[in-house]
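Please read the structure below before turning to the comments.
We number each residue from 1, following the sequence as shown.
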Amino acid sequence: MIQTSDLAISVAGLEKQYGATRAVNGLSFDIARGELFALLGPNGAGKTTTLEILEGYRKADAGTVRVLGLDPDREASQLRSRIGVMLQEGGLYPGLRPLEVLRLFAAFYDNPVDPQELLARVGLDDAQRTTVRRLSGGQQQRLSLAAALIGRPELIFLDEPTAGMDPQARAITWEFIQELQAGGVTIVLTTHLLDEVEALCDRVAIIAKGALAAIGTPRELMSQSIANEVLFTATPGLDIAALARALAMPVDSVRHDGDGRYEIRAAGTPALIRSLAEFLDEYQLELGTLHANARSLEAVFLQITAETEAANVGS
């Protein structure tokens, strides 16, 4: 149980309805100060409405919400200077250059981060002369992140922070997010990239049909759903047929997603894990992560949301 004084966000019995549609239905959860928390949900789950209420841009119909100890509806003016909001798209001035954007945002705060320093930190030094409209999607995301951080927020909301980024920019952004958390910033993350959640987040809340469907650490959620499969990451380009032969199983028992992530449809017995390790060693392939007899977070997410959907249809 998190002590009230240690809470960055507290949500209890939150409800929001649009006409006959109940977007948020009795939602409750807490986020500790300094926590990196993921809020996940399929389209239409109520995630965006919940975030807009937390950010002070939408009014709840019922329930209690506190963000940094404040009511985001009645005390929005006090809250705005203490939070940062990174939008997935939009919110920037297309005709301005990146440094001009950050200087403009810096003018709204008493003690902003130096715009030039922040621009360099997000890797946009080389794009200083380019207008926002001519930046790539990944560059615009990095500029949006910088704009959300210019006021030194205690709490930041990140919406799809690495959308459109190449692998190098994504890795740099992950490192930056981890540095922010190490500095005491509370981070609420929404993303469709669940490997991002596994790598970064302390806890995860899954929302479905406006209600809380599951909450816990990524490992807790994955361990709750046992399956006869082995999930691992390794050097891309692994020979699937050769691995299947080494494991003495049909070739269709091994799958990959084209990005160095693989799945073996079999119980993760010590013998199978030993055979996998011997195969990787023989072909001088590097093993990244390994999960035996537990589903990936993506599989758990799909299972939970599908079960919630089925329960609602049946009720």
Checklist entry - Is the shortest heavy-atom distance from the side chain of T190 to the side chain of L158 under 4.5 Å? => result no
Checklist entry - Is there any side-chain hydrogen bond (donor to acceptor under 3.5 Å, both in side chains) pair reaching into residues 231-249, and which pairs are they, with sequence neighbours excluded? => result T233-T289
Next on the checklist: Could you work out, with salt bridge (charged side-chain N to carboxylate O under 4.0 Å, His left out) as the rule, every residue matching E55, not counting sequence neighbours?
Outcome noted: none
Exercise answer: donor-acceptor pairs, residues 58-66 side-chain atoms, under 3.5 Å, sequence neighbours excluded:
| from | atom 1 | to | atom 2 | distance (Å) |
| --- | --- | --- | --- | --- |
| R58 | NE | Y18 | OH | 3.3 |
| R58 | NE | E52 | OE1 | 2.6 |
| R58 | NH2 | E52 | OE1 | 3.0 |
| K59 | NZ | D73 | OD2 | 2.9 |
| D61 | OD2 | Q17 | N | 2.7 |

Checklist outcome for this item: Which of I177, V197, T186, L180 passes side-chain contact (heavy atoms from CB on, under 4.5 Å) with L36? Answer is I177
Item to check | Those residues that, when tested against R82, pass salt bridge (charged side-chain N to carboxylate O under 4.0 Å, His left out) (two or more places apart) | outcome: E154
Checklist entry - What residue pairs, at least two apart or across chains, pass ring pair (Phe, Tyr, Trp, His ring centres under 6.0 Å) with a residue in residues 230-254? => result F232-Y262
Checklist entry - Which pairs, with at least one residue in residues 273-286 and sequence neighbours excluded, count as a side-chain hydrogen bond (donor to acceptor under 3.5 Å, both in side chains)? => result none
Checklist outcome for this item: side-chain contact (heavy atoms from CB on, under 4.5 Å) filter on A299, not counting sequence neighbours, yields R295, S296
Without placing hydrogens or testing angles, list every side-chain donor-acceptor pair under 3.5 Å for residues 263-271, not counting sequence neighbours.
| from | atom 1 | to | atom 2 | distance (Å) |
| --- | --- | --- | --- | --- |
| E263 | OE1 | R255 | NH2 | 2.8 |
| E263 | OE2 | R255 | NH2 | 3.4 |
| T269 | OG1 | L272 | N | 3.2 |

Next on the checklist: Does anything in residues 97-121 form a side-chain hydrogen bond (donor to acceptor under 3.5 Å, both in side chains)? List the pairs, not counting sequence neighbours.
Outcome noted: R121-E179
Next on the checklist: Applying side-chain contact (heavy atoms from CB on, under 4.5 Å), can you list everything that pairs with S28, at least two apart in sequence or on another chain?
Outcome noted: A12
Next on the checklist: Going by side-chain contact (heavy atoms from CB on, under 4.5 Å), name the residues that satisfy it together with P98, two or more places apart in sequence or in a different chain.
Outcome noted: L119, L135, L143
Checklist entry - Applying the 4.5 Å side-chain criterion to the ILVMFWY set and letting contacts propagate, would L118 and I172 be lumped into a single cluster? => result no
Could you list the donor-acceptor pairs under 3.5 angstrom formed between side-chain atoms of residues 124-133 and any protein atom two or more places apart in sequence or on another chain?
| from | atom 1 | to | atom 2 | distance (Å) |
| --- | --- | --- | --- | --- |
| D125 | OD1 | Q128 | NE2 | 3.3 |

Checklist entry - Would R80 count as a cation-pi partner of Y57, with NZ or CZ less than 6.0 Å from the six-membered ring centre and within 45° of the ring normal? => result yes
